[in-house]
Amino acid sequence: MSALTAPPPIQNAPAERIAGPVLHVDLDAIVQNHRALRRAAPTATVAAVVKADSYGIGAEPVARRLLAEGGGPFFVATFGEAVALRRALGAAPEILILNGVLAEDFAACQALALTPVLNSLAQAKAWAASGVRERRKAVLQVDTGMSRLGLSEAEQAQLLATPGLLAQLDLGLIMSHLAVADEPDHPGNAAQWQAFQSARERFPGVPASLANSAGLFLGSDFHFDLCRPGAALYGIEAGPRMSGIRPVLRLTAPVIQIRTIERDTAVGYGYSFRASRMMRLATVGVGYADGWPRRLAESGGAYFGDRRLPIIGRVSMDSFSVDISALPGDALKEGDRLELIGPHQSADDVARAAGTIGYEILTSFGERHHKIYSGQSLS
Ligand SMILES: *Cc1c(COP(=O)(O)O)cnc(C)c1O
């Protein structure tokens, strides 16, 4: 048996060639969006929601850059996200945990200076009973109609009726979340605003926060002391009134094969597409494992220059096919990259074609996306 020979060294293959899909994130554009939001809500602090890895595009580089520009506080969803962000950002910025934490993690929150949002009466009581409250102001969420997180009116009354509890809590913020802010004319907005006002009257003098991205664009009545945009920072559509927000992302994927098929040839899983004529196809190296929706089979496309190339057949886990018959014969070759998200089609366009929202497209991006950041902060 022959000895194994050493493999040839990898000749500095660029990460984007190894990865396949490449996500370009324009951090300068995120900073511009943050400025636009601050201009739209000039009397409030404009925080940054960086949960779910900044909606899939990278919490660490995004938060670092915003921090370097004087941004913050930062909101994440989970305790784990908060711990990772604290390690990345150092001691300075305030980090709040929207989903709250279990009482057994209060001490760790104290050690890392993380602020859990208290979402129920039980959590508020546990916080007040823990030693932590002596050094950190509490953040209380009240429910104003979404029935997701936060104290109901009855629980708020119970909190106030519990002797000493409010004083022990030392509230630094009361917050709530809007369910229909992306529908400005929906009566739910006014109803939630009114319920929030009532809650503010129960906790007088405490700074308040109600608006996410879409809520911020509902107008100054919704700004209070702190706004919590996520989507708008990342250029995702957040309601019809959003303005001044620029795109942040470009997603490309490589052509991994080009082929010509005869009439009556089937393409992809399930043979769901059958050619009615001779066609030229390109197989593109991205699939539903990368968050490229399987539902795009009937309606999606990719761009080569200005030319839209319609998706043919089902989207596979790691690839899909596009019809390139309309391109000149030698226009496209293996290794060329197609635009999946960019100037010709936004994440929201892709979302519409797949029957979902831009938020879900971004947060579905997988680990295989090689991310390239422009305007990265060196600090
Ligand atoms: C996710 C979230 C936000 C940010 O919402 P966007 O629509 O992305 O601006 C704000 N507040 C809470 C409580 C959230 O869960």
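Starting from 1, each residue takes its place in the sequence as its number. Whatever order the structure lists ligands and atoms in, that order sets their numbers, starting from 1.
The proximity of Arg228 to ligand 1, defined as any non-hydrogen pair under 4.0 Å, involves the side chain as well as the backbone.
Checked by distance only, ligand 1 and Ala231 come closer than 3.5 Å through their nitrogen or oxygen atoms. The distance criterion of under 3.5 Å between nitrogen or oxygen atoms is not met by Met175 with respect to ligand 1.
In this structure, Tyr55 counts as a contact residue of ligand 1, since one of its heavy atoms falls inside 4.0 Å of the ligand. Under a 4.0 angstrom heavy-atom cut-off, Tyr234 registers as lying outside contact with ligand 1. Within the 4.0 Å heavy-atom shell around ligand 1 one finds Pro229.
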Distance-only criterion, 3.5 Å: show the donor-acceptor pairs between side-chain atoms of residues 225-237 and protein atoms not counting sequence neighbours.
unit_1: Asp225; atom_1: OD2; unit_2: Ala208; atom_2: N; d: 2.8
unit_1: Arg228; atom_1: NH1; unit_2: Ser176; atom_2: O; d: 3.1
unit_1: Arg228; atom_1: NH1; unit_2: Ser209; atom_2: O; d: 3.2
unit_1: Arg228; atom_1: NH1; unit_2: Ser209; atom_2: OG; d: 2.9
unit_1: Arg228; atom_1: NH2; unit_2: Ser176; atom_2: O; d: 2.8
unit_1: Arg228; atom_1: NH2; unit_2: His177; atom_2: ND1; d: 3.2
unit_1: Tyr234; atom_1: OH; unit_2: Val49; atom_2: O; d: 2.7
unit_1: Tyr234; atom_1: OH; unit_2: Ser54; atom_2: OG; d: 3.2
unit_1: Glu237; atom_1: OE1; unit_2: Arg352; atom_2: NH1; d: 3.1
unit_1: Glu237; atom_1: OE2; unit_2: Arg352; atom_2: NH2; d: 3.2

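Using cut-offs of 30° and 60° on the angle between ring planes, the pair Phe106 and Trp127 is perpendicular.
Remark: the Thr283 side chain and the Gln257 side chain contain no N/O donor-acceptor pair separated by less than 3.5 Å.
Protein heavy atom nearest atom 5 (O) of ligand 1, with residue, atom name and distance: Asn212 CB, 3.4 Å.
In terms of modelled atom types and a separation under 3.5 Å, the side chain of Thr265 and the main chain of Ile261 share no donor-acceptor contact.
Close approach of ligand 1 to Ser213 is summarised as follows: ligand atoms under 4.0 Å from at least one heavy atom of the residue are 6 (P), 9 (O). Within the listing of ligand 1, atoms 12 (C), 13 (C), 14 (C), 15 (O) sit less than 4.0 angstrom from a heavy atom of Leu98.
Only one option out of Phe222, Phe224, Phe203 pairs with Phe196 in a ring pair (Phe, Tyr, Trp, His ring centres under 6.0 Å); it is Phe224.
Counting heavy atoms from C-beta on, the side chains of Leu159 and Leu151 come closer than 4.5 Å.
By heavy-atom distance, the residue among Gln141, Glu237, Lys51 lying nearest atom 3 (C) of ligand 1 is Lys51. Of all the listed residues (Phe217, Tyr359, Phe75), Tyr359 holds the heavy atom that lies closest to atom 7 (O) of ligand 1.
Atom OG in Ser325 sits 4.5 Å away from atom CE in Met279 (nearest 0.5 Å).
Cation-pi contact between Arg274 and Tyr271: present, with separation from the ring centre below 6.0 Å and deviation from the ring axis of at most 45°.
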